Amino acid sequence: MSVRVRFAPSPTGVLHIGSVRTALFNWLFARHNGGKFLLRIEDTDKMRSTDENTKLIFEILEWLSIDWDEEAVIQSERIAKHKEVAENLVLTGGAYYCYCSPEELAVKKEAALKSGKSYKYDGTCRNGDRIAEGVNPVIRLKSEITGTTTVRDLVQGDVTVENSQLDDLVLLRSDGTPTYMLSVVVDDHDMGVTHVIRGDDHLTNTFRQVQIYRACGWSEPQFGHIPLIYGPDGAKLSKRHGAVSAVDYRELGYLPETISNYLLRLGWSHGDDEIISQSQAIEWFDLASVGKSPARFDMKKLQNLNAHYIKQRDNESIFEYMQLFFRREVDDAQREMIMQGMQAIKERAKTVVDLADAAMVYVRAPIEYDDACNTYATKMHIDLLEEVIGMIKDIPEPIGEDEVCNAVKELATKNNVKLVEIAQSIRGALCGKLVSPSVFQIISIIGKKETEKRINSFIHEKRTNS
RNA sequence: GUCUCCUUCGUCUAGGGGUCUAGGACACCGCCCUUUCACGGCGGCAACACGGGUUCAAAUCCCGUAGGAGACGCCA
C-alpha cells in the first residue's frame, strides 16, 4: 500500500514554526517513500479561523517548496459526513446520547478537583436510559473501560495506556457540530491516510482516536509523534520567545532553505551532516532517526545557517529577495552598483535584512553619522580627508580599487600616520559608521564624484560641530 | 493531582556493550589574516542527570530517584 500522509493545520492562528516542521517531516516522509502528501485545513472553529491565516498556510508551504498532492481538503465542508458517522455509531451501539448539561458536569468536575482526584466523565448516560427533556444531547463514544490500548508509534515506540484512564469523549456537540477528535478520525480515514505524523502533544489524544477507529470498524493508520519545539528556556515555544510564526522568519530575512535545513536538523540527524539540501533530505529522511527528546530553538544557529545560504545564493536571486526590504526605489544604475558590491556584503550578512541594509552604502550618502565616527573626525583626520579629496581628483575615472588603495597608502606614509587612521575616517564619511566593506572597494563602485560629495559633507558637518 | 513521554558539552546532535582519555556543528574564548566589521584558517573551553544493578567490560541493557515536558474541554 502506498504511503499517504497529511498536514492538517488549523487556521485559528498564524502558522506556527513548529507546525511548519510537522509539515516538512510529513512531506519528506511522503517524498522519500514515493507517496502522497495531502493537505487539510481544519477550520471547524469558525469563530477563530480566518481566511487570512488559511492563505498564509498555502503561501508559506509554497515558499518552502513543500508541494502537496491532490486538492486541499477543507474540513468545514465535511461536517455533514462527521455528523453522519456519529449518528451511525449511536445506531450500532458504539456511542450514545448524553443529556448531562455543561453545568452539571462543571459541578462534578469541581468536586473531583477538590477531592484531589482527576476528573473523568462518570458515564451517567452511558446506558441510554436517561433522557432529559428540553436538553439538546451530545453524542459520546462508548469507549472500552477495561484492558489496555497500545499505540505502536514510529517515533515513540510502543506506548500503552489503561483504558480505565480514558473516558467517554464527546463526538458531536449539543449544537450538532462534530468535535476535533471525531473530525480527524473520519477525515484521515476517508482520505486514506496511512501514516499520521504530528506533534507529540497529540500522543495522548491518540488513544482516544484509536477507540474511535475501532468503534467504526476501521483499520488504524500508523502513528509517528514528533517532539515539540521548545524555546530557549525549555518551555513550549511561544510568543514571548519572539518570532513563532513562519511568516515572522520570512520577514526577518531568513531564506526558505535555511528554515527547512534548520527545522530538519532539529530533532533529526544524519551522522555529522549539517548542511543538507532538500534532495538529500528526501533521500535520507526516516522516522526512526527522529529523536524522542524535545529540542530548543537556537536563533544563533539559525543565523549561522542563514549566513551560509546567503553566500550560496547567486546574486540575481538574492537581489530579488532583497528588494522586499529596500525602503526606497532602486534604479538600474544603483542596482548595478549593488551587484558589484554584492560579494562583499554577502560575506557580512546574517539575514537578507542585513543585506538590504548594507547595500544602501552603494545607493546613497549616510543619513546620519554614528557617534563612533568622531574618533576619526579630529582636526588631523579632517585635514587628511582634504588631502584625500585632492588625491582622488588626480586619479582618472573609472577609479580602480587597487589604485585608490595604493594612493591612500602613499598618503599615509607621507603624513606618517597609520593607514587605519585614514581608512576609518573615509569609512565614517562614506558610510556614516565604522563597519562596512573595504572603503577602497566602495570608492571604486560609487565613483569619484559621489566620494568627493560624501567626504565634503562629512568635513562640513564635523567642522561646524566642533 | 492523574496518565504519558523525555534526560550526552550552554544549544542542536553522533553514538545502540569493548574502537569513548565521548566525535561534529552553533555559541563562546584565543591566535593568524587584515583599512573597520565580517569571511576564512588554526587552536581552546565544554557533556554521558543521580543512585543501584546485570556484565570480564556500560554513555550504551535493567530497576529506581530526581528534574523537565505534554495531555487530561461540548478548542484544534
Side-chain angles (χ1 to χ4, degrees), chain A residues 8-13 42-45 47-49 75 98 100-102 105 109 112-113 115-120 136-140 151 153 156-157 159-162 164-167 169-175 177-181 183-184 199-208 225 227-228 230 232 234-236 262 265-275 291-305 307 311 343-350 358 372 376 405 408-409 412 418-424 426-428 431 433-440:
Chain A
S10 160
T12 50
E42 306 214 323
D43 61 339
T44 49
D45 186 341
M47 293 305 287
R48 294 192 297 144
S49 298
Q75 191 163 57
C98 168
C100 298
S101 67
L105 263 20
K109 196 167 185 176
L113 229 61
S115 61
K117 284 189 234 153
S118 71
Y119 169 76
K120 258 176 50 189
N136 285 329
V138 299
I139 293 181
R140 282 183 188 273
V151 173
D153 196 276
Q156 305 288 336
V159 184
T160 302
V161 79
E162 300 276 339
S164 59
Q165 294 296 327
L166 277 22
D167 63 355
L169 78 195
V170 173
L171 298 175
L172 207 66
R173 286 184 273 260
S174 53
D175 65 359
T177 58
T179 60
Y180 162 77
M181 289 291 178
S183 304
V184 193
D200 73 1
D201 48 339
H202 288 285
L203 184 59
T204 49
N205 282 335
T206 307
F207 301 105
R208 298 163 195 281
H225 288 92
L228 262 23
Y230 292 168
K236 205 170 169 177
Y262 181 72
R265 276 291 286 110
L266 217 52
W268 179 88
S269 61
H270 182 267
D272 284 340
D273 293 310
E274 295 287 346
I275 304 295
K292 289 193 197 181
S293 54
R296 299 182 189 203
F297 199 89
D298 182 9
M299 202 57 114
K300 284 280 180 60
K301 191 152 185 171
L302 183 75
Q303 283 179 353
N304 178 276
L305 252 191
K311 290 187 200 92
Q343 206 51 44
I345 58 176
K346 265 167 139 186
E347 268 166 22
R348 274 154 255 257
K350 298 227 181 291
Y376 297 97
C405 182
V408 173
K409 275 181 182 163
K418 288 195 167 152
L419 180 58
V420 64
E421 300 293 336
I422 306 181
Q424 284 295 69
I426 297 176
R427 195 183 314 280
C431 313
K433 54 187 180 180
L434 297 184
V435 171
S436 81
S438 156
V439 289
F440 309 125

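All figures in this text were calculated on a predicted structure; none of them were measured in a lab. Every chain is numbered from 1, with letters handed out A, B, ... down the list of sequences.
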Measuring to OP1 and OP2 of B:U11, would you say a side-chain N or O of A:Lys301 lies under 4.0 angstrom away? no
Ignoring backbone atoms, test whether A:Arg296 places a side-chain nitrogen or oxygen under 4.0 Å from the OP1 or OP2 oxygen of B:G10. no
Considering only the C1' atoms, how many Å lie between B:C61 and B:G16, rounded to the nearest integer? 10 Å
Can a donor-acceptor pair under 3.5 Å be found between the side-chain atoms of A:Ser438 and the base atoms of B:U35? yes
Rounded to whole angstrom, note down the P distance from B:U54 over to B:A59. 16 Å
Picking from B:U36, B:U13, B:C6, which would you name as closest to the side chain of A:Pro294? B:C6
Starting from the 5' end of RNA chain B, give me the residue, A:Val439 or A:Lys292, whose nearest nucleotide shows up first. A:Lys292
Separation of the P atoms in B:C26 and B:U36, to the nearest angstrom: 24 Å
In Å and rounded to the nearest 0.5 Å, what is the CG to CZ distance from A:Leu228 to A:Phe297? 13.5 Å
Is there a side-chain contact between A:Thr204 and the phosphate of B:C3, meaning an N or O under 4.0 Å from OP1 or OP2? no
Report the distance from atom CH2 of A:Trp268 to atom C1' of B:A14, rounded to the nearest whole Å. 13 Å
For the side chain of A:Lys311, starting at C-beta, report the closest nucleotide among B:C5, B:C39, B:U36. B:C39
Passing candidate, side-chain hydrogen bond (donor to acceptor under 3.5 Å, both in side chains) with A:His225, options A:Asp153, A:Asp201, A:Asp200: A:Asp153
Could you work out which one of B:U35, B:C74, B:A14 sits closest to the side chain of A:Phe440? B:U35
Expressed in angstrom and rounded to an integer, what is the separation of A:Gln343 atom CD from B:C37 atom P? 20 Å
Sugar-phosphate, base or nothing in reach of A:Val161, heavy atoms under 4.0 Å: sugar-phosphate
Under 4.0 Å between any heavy atoms, over every strand shown, what does A:Cys100 touch: base, sugar-phosphate, or nothing? Just pick one. base
On a plain distance test, is the side chain of A:Asp200 in donor-acceptor contact with the base of B:G70 below 3.5 Å? no
Closest listed nucleotide, where the reference is the side chain of A:Asp201 and the choices are B:A76, B:G70, B:C74: B:G70
Between the base of B:G40 and the side chain of A:Glu347, is one N or O donor paired with an acceptor at under 3.5 angstrom? no
Length of the line joining A:Ile345:CD1 and B:C37:P, which is rounded to integer Å: 19 Å
Indicate, with a heavy-atom threshold strictly under 4.0 Å, whether A:Thr160 touches base, sugar-phosphate, or nothing. sugar-phosphate
For atom NZ of A:Lys409, is the number of surrounding heavy atoms from other residues, nucleotides or ligands below 6.0 Å larger than 12? no
Between B:C26, B:U35, B:A76, which nucleotide has the shortest distance from any of its atoms to the side chain of A:Asp298? B:C26
Of the listed nucleotides B:A38, B:U4, B:A76, the one nearest the side chain of A:Leu203: B:U4
Indicate, with a heavy-atom threshold strictly under 4.0 Å, whether A:Leu266 touches base, sugar-phosphate, or nothing. sugar-phosphate
Can you tell me which nucleotide in B:C5, B:C3, B:U35 comes closest to the side chain of A:Gln165? B:C3
Going by modelled atom types, is there a donor-acceptor pair between the base of B:C74 and the side chain of A:Ser174 at under 3.5 Å? yes
Mark yes or no for a side-chain to base donor-acceptor pair under 3.5 Å between A:Arg348 and B:C39, with no hydrogen or angle criteria applied. no
Assign the ring pair A:His202 / A:Tyr180 to parallel, tilted or perpendicular, where the plane angle (0 to 90°) is split at 30° and 60°. tilted
Here the distance between atom P of B:C75 and atom CG of A:Leu171, to the nearest Å, is 13 Å
To the nearest Å, give me how far apart CG (A:Leu169) and P (B:C3) are. 20 Å
Using the side-chain heavy atoms of A:Val435, tell me which of these nucleotides is nearest: B:A76, B:C37, B:C26. B:C37
Do A:Arg348 and A:Pro437 come close enough that some side-chain heavy atom pair is under 4.5 Å? yes
Whole-Å C1' distance, B:G68 and B:C31: 40 Å
I'd like the P distance from B:C39 over to B:A25, given in whole Å. 15 Å
Side-chain N or O of A:Thr44 closer than 4.0 Å to phosphate OP1/OP2 of B:A76: yes
Identify, between A:His202 and A:Gly271, the residue whose nearest nucleotide on RNA chain B lies closer to the 5' end. A:Gly271
Run A:Tyr376 and A:Ile426 through side chain to side chain contact (heavy atoms under 4.5 Å, CB included) and show every step you take. CA-CA 9 Å; A:Tyr376 297 97; A:Ile426 297 176; over 6 Å; no
Could you measure between the two P atoms, the one in B:C5 and the one in B:A47, and give it in whole Å? 31 Å
If only side-chain N and O atoms of A:Asn304 are considered, is one of them under 4.0 Å from the OP1 or OP2 phosphate oxygen of B:A27? yes
For the residue pair A:Asp45 and A:Arg48, what are the closest heavy atoms and their distance? OD2-NE, 2.8 Å
In whole Å, what is the span from the CZ atom of A:Arg427 to the C1' atom of B:U36? 4 Å
If I pick the P atom on B:U8 and the same atom on B:G15, what distance separates them, to the nearest angstrom? 14 Å
Among B:A25, B:U36, B:C74, which nucleotide sits nearest the side chain of A:Arg140? B:C74
Do A:Val408 and A:Leu419 have side-chain heavy atoms sitting under 4.5 Å apart? yes
Can you tell me the distance, in whole Å, between the CG atom of A:Asn205 and the P atom of B:C75? 14 Å
Presence of A:Arg173 side-chain N/O under 4.0 Å of B:A76 phosphate oxygens OP1/OP2: yes
Round to the nearest Å and state the distance from A:Asp273 atom CG to B:C26 atom C1'. 16 Å
Show the nearest heavy-atom pair for residues A:Val138 and A:Arg173, with the distance to one decimal. CG1-C, 3.9 Å
In whole Å, what separates the P atom of B:A22 from that of B:G10? 15 Å
Per atom distances to the A:Ala295 side chain, the nearest of B:U13, B:C37, B:G73 is B:U13
